[in-house]
Amino acid sequence: MDLLKNPAAIFTTEGKYVLSNHFFKKTLNLEEGFLRSKTINQIFKDTIFEKIKKSINENKFYHQEIQINRKDYSMLVFPVIHNLKEKLLLFLFDARTDYEKEELLNTLIEKSPAGTFIYKNRFVFSNKTFQEITEYTDEELKNIRPHEIVHPKFRDDVIQIIKKRLSGENLEKHYDLLTLISKSGKEKHIELVTTTIKYQGSYAGMGVCVDRTEKVELEKRLNYLYTHDEVTGLPNRKKFLEYLDKAVRYAAENSHLIAVILIDIKDMKLINKEYGYSTGDRLLKEIGNRLKDLFTGVDYVAKVGDDKFGVLIYAFKNLEKLSEKIEKILKKIEGTYTIHGFKIPAEIKMGISIYPKDGKSFEDLYKNSEIALLKAKETPGKKFEFFSKSSYSEISRILNLKSKIREIIQKNSIKMYYQPIVFLKDEKIFAFESLFRLITEKNSIIMPKDIIPTAEKTGLIIDLGEKIIDSVINFSRTVPEEIKLSINISPVQLNQPDFDKNLLNKLAKAEINPEKLIIEITESAVMENVGENIKKLRNLKDNGIKVSIDDFGTGYSSLNYLKKLPADFLKIDISFVSGIGKDKSDEMIVKTIISMAKNLGMKAIAEGIENEDQLRFLKQEGCDLGQGYYFGKPYPQNEINRILEKGL
């Protein structure tokens with residue numbers, strides 16, 4: 001501040017004093033200690049701070065004549081950034097000073113954070129900030145006419161304003177957002193205030209500007225992201241639906257056919273987990289590029305979901321032509337992609353609806369494409385599905401099942417079964433795995449395999465899981481302390497925030513020892529959110545709950561993550577156990593899992609044991625525990641204590 005030769009002070013945007021230079025204190029004959037607690041209004045009695053704020057908001061600076069100690073001064077106030085916060089910079093000038101002298105203008109503006117310039121036919125003065133904005137030196141600017149650095153779309157208007165200012169026409173201060181072209185060709189967006197002055201004997205234009213390029217570019221970027229997908233650069237779902245709406249209205253007027261194709265990339269979540277999100281993003285970008293290459297003109301391509309693309313086929317002549325385009329998509333998109341050194345197979349499913357047969361509004365067309373896609377995804381071997389009324393039947397089945405599940409949960413019509421898990425060395429009971437059945441009003445039973453997929457898709461697995469956990473905790477009071485109870489936990493449950501804390505709270509409230517509980521999770525459940533899920537499992541294990549990895553060997557797992565899992569048991573999937581005595585490959589897999597469990601400090605549990613040969617093999621290989629019909633089927637809850645008393 002003391003480098004400035006004129007009195008200068010900085011205030012907050014609320015008008016409170018911050019600091020000043022030596023000349024400011026000397027001119028006002030005030031001490032720093034007095035100034036610290038003052039505001040602009042208290043220091044300058046004639047100054048109305050509200051007027052200052054209003055003028056800065058409108059013009060980006062404030063000017064007034066003021067008398068200090070019987071001497072006339074001109075006061076100039078404008079905003080600056082000080083210590084990363086917006087402040088107000090106040091200058092005082094001797095009112096008798098000749099402002100046409102360039103050296104005094106330099107005092108005012110050379111150190112200003114705002115770009116300042118004066119022009120006639122060419123620039124005649126510029127400060128350092130304006131030179132930095134334009135990337136031209138002062139000498140270069142003196143050879144440039146002002147309109148020459150203005151973006152072409154603003155140029156004609158700027159030329160007219162310049163002419164009027166140089167002719168002395170009485171113009172108001174002009175405030176604008178303007179785009180300049182810098183020396184390097186970059187667009188620079190500035191907030192600009194211009195006025196007419198007398199300079200060196202004739203009229204001139206003077207401007208003060210602030211560089212807003214970063215702000216404008218950010219706004220552009222946000223607007224772009226509002227309508228486009230960041231990874232692929234394609235329009236997003238919002239933009240796709242807007243275009244589809246226009247296309248449907250035009251097709252209605254001109255009797256055209258339209259097809260909406262939704263394309264789902266299978267197993268994208270697993271690809272992201274296995275190869276990393278950057279590789280997954282690169283795969284999506286490559287698929288997007290291939291789709292763009294396929295469709296040009298009035299056809300439209302967008303990314304309408306995390307792993308879903310949308311294609312609008314416009315004005316095709318007949319179904320044969322549409323079929324050709326569908327075949328082109330399959331040929332172009334499906335296959336193996338080499339990305340970051342990985343060979344990644346991409347498989348797609350498509351759902352298709354046609355205007356006007358499958359809907360006469362853009363909402364119906366899109367919805368029916370989603371229904372067709374869902375049908376295709378649930379039909380093995382089917383690459384695409386056209387919307388049909390039978391699709392509605394399938395969706396209705398899911399909705400009806402969803403309704404039944406909700407009703408059964410509300411009525412607590414859940415019947416619990418328990419299947420024994422035994423020590424293989426002596427066939428004594430170690431634990432029981434809890435299983436459930438839903439009972440309808442007509443006393444028919446819905447099995448878990450018919451329930452869980454729908455419950456997970458609809459989120460009802462959360463409520464269902466809570467009921468099962470509560471039931472198992474209550475039942476644990478009735479079984480001996482040494483007998484453990486195992487609960488299957490869905491990926492959706494595990495991914496819930498605070499799943500671990502909520503489970504521990506339930507046990508604490510019920511005064512149940514956590515060591516009585518085993519939770520069974522699949523590999524894929526952990527892989528969906530590895531970092532967070534490992535933390536949750538670690539917390540559960542540290543508090544006494546045992547952790548079992550279910551169906552091991554069938555998932556899309558990584559051995560790198562397996563060694564980090566705080567698990568106590570590896571459960572050998574029934575598909576491998578059933579191959580014992582029949583398939584050498586299955587036997588080798590079983591041996592490997594048992595060995596792996598031991599090396600990782602875990603116990604191996606074989607499920608689905610049905611005969612003596614399987615049991616003999618598992619004992620020989622050192623498998624610790626087992627379950628299956630050889631030892632006992634799942635028993636109703638009310639029979640468990642009898643089994644514990646009499647034995648299996």
Classify the ring geometry of Tyr275 against Phe342: parallel below 30°, tilted from 30° to 60°, perpendicular beyond 60°.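 Tyr275 and Phe342: tilted rings.
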
Can you find a side-chain donor-acceptor pair between [X] and [Y] that sits under 3.5 Å?
X: Gln419; Y: Gln627; result: yes
X: Asn543; Y: Asn539; result: yes
X: Thr232; Y: Asp229; result: yes
X: Glu520; Y: Ser548; result: no
X: Glu433; Y: Asn488; result: yes
X: Glu639; Y: Tyr418; result: no

Which atom names give the shortest non-hydrogen contact between [X] and [Y], and what distance separates them?
X: Ile489; Y: Leu494; value: CG2-N, 4.0 Å
X: Ser434; Y: Met416; value: CB-CE, 3.9 Å
X: Pro420; Y: Gly632; value: CD-O, 4.1 Å
X: Ile518; Y: Ala431; value: CD1-CB, 4.3 Å
X: Lys467; Y: Ile414; value: CB-CD1, 3.6 Å
X: Ala606; Y: Leu618; value: CB-CD1, 3.6 Å

Any chance [atom1] of [X] has more than 12 other-residue heavy atoms, nucleotides or ligands included, within less than 6.0 Å?
X: Lys501; atom1: NZ; value: no
X: Glu511; atom1: CD; value: no
X: Lys321; atom1: NZ; value: no
X: Lys357; atom1: NZ; value: yes
X: Lys484; atom1: NZ; value: yes
X: Lys239; atom1: NZ; value: no
X: Glu363; atom1: CD; value: yes

Between [Y] and [X], is there a salt bridge with N-O shorter than 4.0 Å?
X: Arg290; Y: Asp293; value: no
X: Lys506; Y: Asp470; value: yes
X: Glu645; Y: Arg642; value: no
X: Glu334; Y: Lys383; value: yes
X: Lys325; Y: Asp299; value: yes
X: Glu532; Y: Lys535; value: yes

Taking the six-membered ring for Trp, are Tyr355 and Phe362 ring centroids under 6.0 Å apart?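 Between Phe362 and Tyr355, which both carry aromatic rings, the centre distance is not below 6.0 Å.
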
Sub-3.5 Å donor-acceptor pair from the side chain of [X] to the main-chain atoms of [Y], do we have one?
X: Tyr277; Y: Lys273; answer: no
X: Asn611; Y: Gln614; answer: yes
X: Thr592; Y: Met588; answer: yes
X: Asp568; Y: Lys546; answer: no
X: Asp550; Y: Thr522; answer: no
X: Ser476; Y: Ile473; answer: yes
X: Asn599; Y: Ser595; answer: yes
X: Gln493; Y: Ser490; answer: yes
X: Lys349; Y: Ala376; answer: yes
X: Ser353; Y: Asn368; answer: no

For residues 258-267, which side-chain donor-acceptor pairs fall under 3.5 Å, sequence neighbours excluded?
none

From CA spacing to verdict: salt bridge (Lys or Arg N to Asp or Glu O under 4.0 Å), Lys584, Glu587: CA-CA 5 Å; Lys584 293 295 181 185; Glu587 290 180 356; 3.7 Å; yes

Quick one: does [X]'s side chain get under 4.5 Å of [Y]'s, heavy atoms only?
X: Leu464; Y: Phe436; value: yes
X: Leu373; Y: Lys308; value: yes
X: Lys516; Y: Glu481; value: yes
X: Ile572; Y: Ile605; value: no
X: Tyr300; Y: Pro235; value: yes
X: Asp364; Y: Asp358; value: no
X: Tyr635; Y: Lys633; value: yes
X: Ile521; Y: Leu537; value: yes

Spacing of [X] atom [atom1] and [Y] atom [atom2] [to the nearest 0.5 Å]:
X: Asp500; Y: Gln496; atom1: CG; atom2: CD; result: 12.0 Å
X: Ile462; Y: Phe499; atom1: CD1; atom2: CZ; result: 9.0 Å
X: Asn513; Y: Ile545; atom1: CG; atom2: CD1; result: 9.5 Å
X: Asp307; Y: Ile271; atom1: CG; atom2: CD1; result: 9.0 Å

I would like to know whether Leu284 and Met268 meet side-chain contact (heavy atoms from CB on, under 4.5 Å); could you show each step before the answer? CA-CA 9 Å; Leu284 291 171; Met268 268 310 301; 3.9 Å; yes

Suppose we screen for side chain to side chain donor-acceptor pair (under 3.5 Å). Which residues come up paired with Thr338, at least two apart in sequence or across chains? Lys343

Would you please name every residue forming a side chain to side chain donor-acceptor pair (under 3.5 Å) with Lys285, sequence neighbours left out? none

Between Lys269 and Asp306, is a salt bridge (Lys or Arg N to Asp or Glu O under 4.0 Å) present by the stated rule, with each step listed? CA-CA 9 Å; Lys269 286 183 181 178; Asp306 289 342; over 6 Å; no

Is there a side-chain contact (heavy atoms from CB on, under 4.5 Å) between Phe631 and Ile609? Walk through the geometry before answering. CA-CA 8 Å; Phe631 305 111; Ile609 301 173; 3.8 Å; yes

Partner of Phe432 by side chain to side chain contact (heavy atoms under 4.5 Å, CB included), out of Val472, Leu644, Val479: Leu644

Does the side-chain contact (heavy atoms from CB on, under 4.5 Å) test come out yes or no for Leu322 and Ile354, once each step is laid out? CA-CA 10 Å; Leu322 177 60; Ile354 299 170; 3.9 Å; yes

